[in-house]
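Right, one structure below, let's go through it.
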Amino acid sequence: MARIRRKSLLCLLLYSVISTAVLFTLWAGYDGIRQPPHSEKASPSRRNQGQPDDSHDVRGKVLEGIHRYDRMKDFVWSHNDNKWVRRVEGNKHPITGDIGDHQNGVVDIEALKLEELNKKLEENSNKSEIALPTPADVSAQSRAELLRRVSAWPTPEKVNYKLPTDPGRSWFALQDPRRAYRVGDTVKVKIQAADKKRQKKTFGGDFWRAKIQTVENRTSAVGAVEDHGNGTYTASMKLLWPGEVTVSIMLVHPSEAISVLRRLRSDYPLLLRFRSKFRSGDDEQEVTCNLKMDQPVDRICDYSNQQHGVSWFCEKPPHMRCEDRVSHVFLPGNFPNVSKDEARLLDENGAFYKKTIKAKGKDKIIVKDIVRKDIKTCVKTHRLPRLLCSAQIPGRPPCIPGTPLQTPAGFYIQDVYISTMCENKQYNVPMEWMGCLAGKTVQILGDSTARQLYYYLKANLPVKDLTPKGVPPKFGPLHLRYPQTDINIKFNFHSHPAKTFSPVNVKDIVDEVDLIDGLEGGKNAVLVISIWSHFVQTYLSTYLDRMLAVRAAVVRLQTRSPDTLVVLKSANTRWDPVITTSDWYGWQLDQIQREVFRDVPVAWLDAWDMTSAGDRQDDIHPADPVVLQEIQMLMSYICQ
């Protein structure tokens with residue numbers, strides 16, 4: 001009897017082992033089917049066990065090392081087609097081919113990159129040796145992730161343009177107010193968004209500016225605003241000087257206006273119009289040009305350089321060659337179609353644009369001085385006002401490349417900008433500037449906000465203008481020189497899309513990557529870059545590709561000439577026209593630029609902080625006192 005029982009138990013145990021093995025095998029096979037190639041459970045673990053590569057491992061190797069992208073949930077692996085397919089339908093732009101969600105303006109560039117990866121899968125599927133992903137493959141996913149982060153903005157499912165966030169009904173209040181604060185403390189305020197019916201908003205997405213100021217001595221700085229996604233926000237402002245400080249909160253755009261801006265950028269990415277003249281003998285013809293052209297290949301001229309992030313096309317005139325193009329010009333006056341309610345939200349003179357809101361309770365606080373022995377020494381040695389010495393950030397490092405960005409980047413006192421990032425100085429003009437620039441070549445590259453630096457230096461330094469006659473003074477190339485101490489200051493406008501109101505010779509349009517690659521560099525070389533303003537009406541992906549190409553060129557320059565000083569000037573605030581050049585557009589481009597150059601040792605001119613912190617009117621071309629402080633900041637890097 002016992003022998004029979006043992007035999008039964010042995011059979012039962014054997015049956016359990018066999019059943020488990022069968023189930024495990026079936027599950028492993030199913031697991032191999034259900035996991036997409038980028039999954040953590042895909043083939044790498046099998047390869048680690050020394051198993052041979054198969055078609056599934058091909059997909060794993062091609063995508064190996066690429067970070068998973070959150071919106072990959074929109075795609076599913078198709079075994080019939082052996083590639084990724086979109087799970088839900090997207091709207092494909094008829095001209096650009098980009099797949100975009102016209103509800104929020106987000107461009108799914110990663111969908112296009114997935115097509116490239118699918119092609120690579122097909123190319124590698126029959127190879128015994130599998131090529132690992134190239135840096136370009138990895139950067140494609142990085143670009144998609146960066147685009148997702150920058151373009152992410154809280155928006156409601158349905159936008160009620162008749163009940164936008166109303167600056168007259170919204171309010172803010174100090175959080176945990178104290179009787180007195182000290183320099184270095186942080187004050188926080190709660191912002192509550194509401195509509196004209198005094199109903200509290202239940203979603204986020206409003207674009208705010210937070211600021212502290214002492215009106216009597218014109219001292220001011222900006223703060224940071226956190227969106228909680230439920231109609232409330234928290235603004236944090238570091239107290240940088242003693243005295244009575246007033247908190248100010250401005251509504252730049254209600255969330256409903258942001259929804260309009262997102263739609264416009266998605267629906268009208270090629271709103272800008274450009275023309276070029278072609279000449280062959282006595283024959284001249286003008287044609288349309290743009291970032292993309294909806295024309296057959298044999299009817300367009302392609303002047304693009306994808307490696308440099310440049311896309312540019314022109315219609316090809318009949319009986320002419322693409323080499324016959326001689327000029328380029330911008331045609332202004334293009335505005336997208338908007339409804340009456342949408343236009344009301346984007347009116348620069350209306351009730352919903354850059355309006356301050358009221359405080360519920362006090363909006364003023366008392367900030368006491370901190371006890372520091374070096375304040376008297378500062379007043380005596382540097383001959384500065386006591387308030388300015390009190391506000392100096394203890395232990396600020398020298399202004400050198402690689403200094404991390406922070407908010408606030410600085411503050412104003414009577415048109416003098418004090419950096420919180422590094423020990424910037426106010427140099428005597430022009431004597432000390434000339435001393436700092438002796439033997440140096442300063443190459444300024446970018447748009448008209450960069451050109452301001454060039455012309456300010458020209459107006460305040462005893463330099464000679466070497467720009468050839470006939471060169472457009474607003475486009476360049478421009479050249480200043482002081483031969484006695486070998487000072488050279490140059491300016492070049494960036495490549496397409498360049499919004500030039502006067503025709504320019506195409507030979508004067510410089511490819512910024514080629515220009516940077518052609519610089520000799522060295523300890524006497526300074527490169528200043530400011531590229532952003534002419535990209536506000538295009539897809540974010542267009543700007544990102546350009547910045548990635550510029551970044552690669554800067555890295556090459558620093559590799560061959562490590563002593564070269566590279567300075568990035570950020571975007572700045574502006575006023576109008578809101579419908580096409582909103583601060584929100586500029587802010588998003590600025591976030592891309594900062595992210596792209598985050599790990600590159602460059603110096604920063606934080607023009608966004610400098611133009612939003614002061615009391616000057618927002619303008620695409622800031623007032624002279626702001627430009628002066630930008631150059632003083634630039635000199636603080638050069639003179640080190």
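Just so we're clear, the structure is a prediction, and the values are computed from it rather than from any experiment.
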Shortest non-hydrogen pair, P242 vs V183, comes out as N-CG2, 3.6 Å

- Query: Quick check: does any side chain N or O of R262 sit under 3.5 Å from a backbone N or O of W153, one acting as donor and the other as acceptor?
  - Reply: yes

query = Does a side-chain heavy-atom distance below 4.5 Å link K569 with I444?
reply = no

Taken to the nearest 0.5 Å, the spacing of T449 OG1 from Q452 CD works out to 7.0 Å

| query | Run the side chain to side chain donor-acceptor pair (under 3.5 Å) check on S259 and T155 step by step: do they pass? | reply | CA-CA 7 Å; S259 296; T155 51; 5.4 Å; no

### Message
Assess the residue pair K188 and D176 against the criterion (salt bridge (Lys or Arg N to Asp or Glu O under 4.0 Å)); give the C-alpha distance rounded to whole Å, side-chain angles, the decisive distance to 0.1 Å, and a yes or no.
### Response
CA-CA 8 Å; K188 293 189 175 184; D176 303 320; over 6 Å; no

ring-ring contact (aromatic ring centres under 6.0 Å, His included) filter on H253, not counting sequence neighbours, yields Y353

- Message: Under a plain distance cut-off of 3.5 Å, with no hydrogens placed, do R265 and Q588 share a side-chain donor-acceptor pair?
- Response: yes

- Query: Donor-acceptor pair, R218 side chain versus I413 backbone, under 3.5 Å?
  - Reply: no

Under a plain distance cut-off of 3.5 Å, with no hydrogens placed, do Q426 and Q629 share a side-chain donor-acceptor pair?
yes

- Query: Does F352 reach the side chain of L346, with side-chain heavy atoms less than 4.5 Å apart?
  - Reply: no

For the pair E342 (side chain) and S339 (backbone), establish whether a donor and an acceptor sit closer than 3.5 Å, ignoring hydrogens and angles.
yes

When V567, L453, L565, V528 are each screened for side chain to side chain contact (heavy atoms under 4.5 Å, CB included) with V442, the one that passes is V528

Within-4.5 Å side-chain heavy-atom neighbours: I631 and L457: yes

Under a 4.5 Å cut-off applied to non-hydrogen side-chain atoms, are Q537 and Y268 in contact?
no

Residues A351 and P167: closest non-hydrogen pair is O-CG, 3.2 Å

Margin query: If only side-chain N and O atoms count, and only distance matters, is there a donor-acceptor pair under 3.5 Å linking T165 with D206?
Written below: yes

The residue among F207, W208, F203, F172 that forms ring-ring contact (aromatic ring centres under 6.0 Å, His included) with Y233 is W208

Taken to the nearest 0.5 Å, the spacing of S541 OG from L146 CG works out to 11.0 Å

Smallest heavy-atom separation, A498 atom then F330 atom, equals O-CB, 4.4 Å

d(L589 CG, I531 CD1) to nearest 0.5 Å is 12.0 Å

Are V554 and F597 side-chain neighbours, meaning at least one heavy-atom pair lies under 4.5 Å? yes

Item to check | Validation row: L147, Y539 side chains within 4.5 angstrom (heavy atoms) | outcome: no

Exercise. Assess the side chains of D615 and Y412: does a donor N or O sit below 3.5 Å from an acceptor N or O?
Key: no

Paired with E595, the side chain to side chain donor-acceptor pair (under 3.5 Å) test is passed by just one of Q593, Q591, R598, namely R598

For the backbone of S636 and the side chain of N424, can you confirm whether one donor and one acceptor N or O come within less than 3.5 Å of each other? no

Taking side chain as C-beta onward, heavy atoms only, is I592 less than 4.5 Å from L540? yes

Heavy-atom closest pair (N460 atom, P430 atom, distance to 0.1 Å) is O-CB, 3.2 Å

Could you pull out all donor-acceptor pairs under 3.5 Å where a side-chain atom in residues 397-407 meets a protein atom, sequence neighbours excluded?
| from | atom 1 | to | atom 2 | distance (Å) |
| --- | --- | --- | --- | --- |
| T403 | OG1 | I400 | O | 2.7 |
| Q406 | NE2 | T420 | O | 3.2 |
| Q406 | NE2 | T420 | OG1 | 2.9 |

Interatomic distance, CG@N572 vs CD1@I620, rounded to 0.5 Å, equals 5.0 Å

Quiz item: When you measure from the side chain of T214 to the backbone N and O of N217, does any donor-acceptor pair fall under 3.5 Å?
Solution: no

Q.
Check D618 with K354, please: is the shortest side-chain N to carboxylate O separation under 4.0 Å?
A. yes

So the salt bridge (charged side-chain N to carboxylate O under 4.0 Å, His left out) pairs with at least one residue in residues 195-204 (sequence neighbours excluded) are K201-E256

message: Can a donor-acceptor pair be found, under 3.5 Å and without considering hydrogens, that links the side chain of R344 to the backbone of G350?
response: no

Residue pairs meeting salt bridge (charged side-chain N to carboxylate O under 4.0 Å, His left out), one or both in residues 158-170, sequence neighbours left out, come to K162-D341

Any donor-acceptor pair under 3.5 Å linking the side chain of T538 with the backbone of F535? yes

(Q) salt bridge (Lys or Arg N to Asp or Glu O under 4.0 Å), that's the test. Do K425 and E432 meet it? Break it down for me. (A) CA-CA 11 Å; K425 298 178 181 179; E432 288 188 300; over 6 Å; no

Could you check whether D369 pairs with R182 (Lys NZ or Arg NE/NH1/NH2 to Asp/Glu carboxylate O, under 4.0 Å)? no

Pair T234-K190, side-chain donor/acceptor within less than 3.5 Å: no

Within the structure provided, determine whether S530 and D447 are in side-chain contact (heavy-atom separation under 4.5 Å). yes

Does any N or O in the side chain of H534 come within less than 3.5 Å of the main-chain N or O of K499, such that one atom is a donor and the other an acceptor?
-> yes

Next item on the list: Look at the rings of Y456 and W433 and say which category their plane angle falls in: under 30° parallel, 30 to 60° tilted, over 60° perpendicular.
Entry: tilted

Hits for salt bridge (Lys or Arg N to Asp or Glu O under 4.0 Å) against K360, two or more places apart or cross-chain, chain-then-number order -> none

Presence of salt bridge, R574 and D583, under 4.0 angstrom:
no

Only pairs under 3.5 Å count here: list side-chain donor-acceptor contacts from residues 604-614, not counting sequence neighbours, and write none if there are none.
| from | atom 1 | to | atom 2 | distance (Å) |
| --- | --- | --- | --- | --- |
| D606 | OD1 | R594 | NH2 | 2.8 |
| D606 | OD1 | W608 | N | 3.4 |
| D606 | OD1 | D609 | N | 3.1 |
| D606 | OD2 | R594 | NH1 | 3.4 |
| D609 | OD1 | Y417 | OH | 2.8 |
| D609 | OD2 | A409 | N | 3.0 |
| T611 | OG1 | T573 | N | 3.2 |
| T611 | OG1 | T573 | OG1 | 3.2 |
| T611 | OG1 | A607 | O | 2.7 |
| T611 | OG1 | W608 | O | 3.3 |
| S612 | OG | W608 | O | 2.6 |

